[in-house]
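Remember, it's 1-based here, ligands and their atoms both numbered in the order they're listed. These numbers come from a predicted model, not from an experiment. All values below come from the heavy atoms of this structure, side chains included, with hydrogens, waters and symmetry mates left out. For the single chain, residues carry numbers from 1 onward in sequence order.
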Amino acid sequence: MIVLFVDFDYFFAQVEEVLNPELKGKPVAVCVFSGRFKDSGAIATSNYEARKLGIKSGMPIPKAKEIAPNAIYLPIRKDLYKQVSDRIMYGILSKYSSKIEIASIDEAYLDITDKVKDYYEAYQLGKKIKDEIYQKEKITVTIGIAPNKVFAKIIAEMNKPNGLGILKPEEVEGFIRSLPIDEVPGVGDSIFSKLREMGIKYLYDVLKVDFEKLKNEIGKSKASYLYSLANNTYAEPVKEKVRKHIGRYVTMKKNSRDIKEILPYLKKAIDEAYSKANGGIPKTLAVVAIMEDLDIVSREKTFNFGISKDKAYLESEKLLEEIIKSDKRRLRRVGVRLGKIYKSTTLDNFFNNV
Ligand code: DCP
Ligand code: CA
Ligand code: CA
């Protein structure tokens, strides 16, 4: 198996930089303001300049501002990052393998076993993917290529940012011997301290302890996981995941906040999204407005039953009205995002009460 793992660099902050290139080179932190008091909330992520100053993901915002008062603190814009992510995942990465597992907003595993004949070609493919993502989205990513998913992820981690790392089969044994155990995904602080007590420093050391003892200490599934990694039999397949959301957005001829003008575009986006859903029926519907200054505002509603296309026309109009009422700006693009998409064979039941 050859797995190619992609992880987008300092993702949320990088999207902010791409949208506002003046931020480049300055320390930038993306914040989740919780709104309970001024600056309550946490840092979602920061760019590498901010990290050098000590700003880390998860840090309380006031603490970050204390250590780096002059850094730039931006509010999180999840819809925007999701759109960029979708374009990279579905528009670029999916072309390179249909066996693709989208693990999070900024991570994907591709099984490229059948796409390349050796690791040299895999490396070339990795370069090509990096180039295409940069050329189309101006986003840098780090890629790890290895004989299994976990090693591919670790290799990427070691090569961040803007890196491309490769672990060939003949290098695996040495890698296992020298890999610090806390660099293995899934080994958190509590497991790490238990393993250390058993004398396990490197992944290879797992093989030196009695498996029964390992099981008793950290549980069966973690023990088997680490054991299979250490003896190089780990072979979890890349799980093809269906997309959970479908988004379709249309740019209008001119910016507008006149609902009659906007509705035909919204209808077009709905038609396209439903055709993309290919018979799947969503339970959540969001209207997304990209404002004239490219800021994004959205309203979402979740239903207990599947939303037919006609119902989507109706409900999206209400959501659009809410957006226009709550915001003074004109819209530049408008679209919908369908979520919780189900493919049901018992549609009668599914549409009940719609
Ligand atoms: N994220 C978050 N809160 C956290 C950690 C992460 O909201 N505590 C978000 C913001 C990140 C994104 O998830 O941009 C991806 O997380 P990563 O751990 O991959 O971190 P980054 O992409 O920001 O940085 P790196 O360059 O280290 O991958
Ligand atoms: Ca990540
Ligand atoms: Ca990342």
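Of the protein's non-hydrogen atoms, the one nearest atom 15 (C) of ligand 1 is Asp106 OD2, 3.2 Å. Nearest non-hydrogen protein atom to atom 4 (C) of ligand 1 is Ala44 O, 3.6 Å. Nearest non-hydrogen protein atom to atom 11 (C) of ligand 1 is Thr45 CB, 3.8 Å.
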N/O donor-acceptor pairs under 3.5 Å from side chains in residues 166-173, not counting sequence neighbours:
unit_1 : atom_1 : unit_2 : atom_2 : d
Glu171 : OE1    : Lys168 : N      : 2.8
Glu173 : OE2    : Arg177 : NH2    : 3.4

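In terms of polar-atom proximity, Glu107 is not counted as a contact of ligand 1, lacking any N or O under 3.5 Å from an N or O of the ligand. For a threshold of 3.5 Å applied to N or O pairs, the pair formed by Ala13 and ligand 1 contains no separation below that value.
Less than 4.0 angstrom separates some heavy atom of Tyr48 from each of these atoms of ligand 1: 25 (P), 26 (O), 27 (O). Close approach of ligand 1 to Arg51 is summarised as follows: ligand atoms under 4.0 Å from at least one heavy atom of the residue are 21 (P), 23 (O), 24 (O), 25 (P), 26 (O), 27 (O).
The ring pair (Phe, Tyr, Trp, His ring centres under 6.0 Å) pairs that include a residue from residues 38-59 are Tyr10-Tyr48, where partners are two or more places apart or lie in different chains.
For the Ca ion (ligand 2), protein N, O or S atoms under 3.0 Å: 3 in total.
Atom 26 (O) of ligand 1 is flagged as protein-proximal [any protein heavy atom, distance under 4.0 Å].
With sequence neighbours excluded, no residue forms a side-chain hydrogen bond (donor to acceptor under 3.5 Å, both in side chains) with Arg332.
At a 4.0 Å cut-off, not a single heavy atom of Tyr81 sits close enough to ligand 1 to count as contact.
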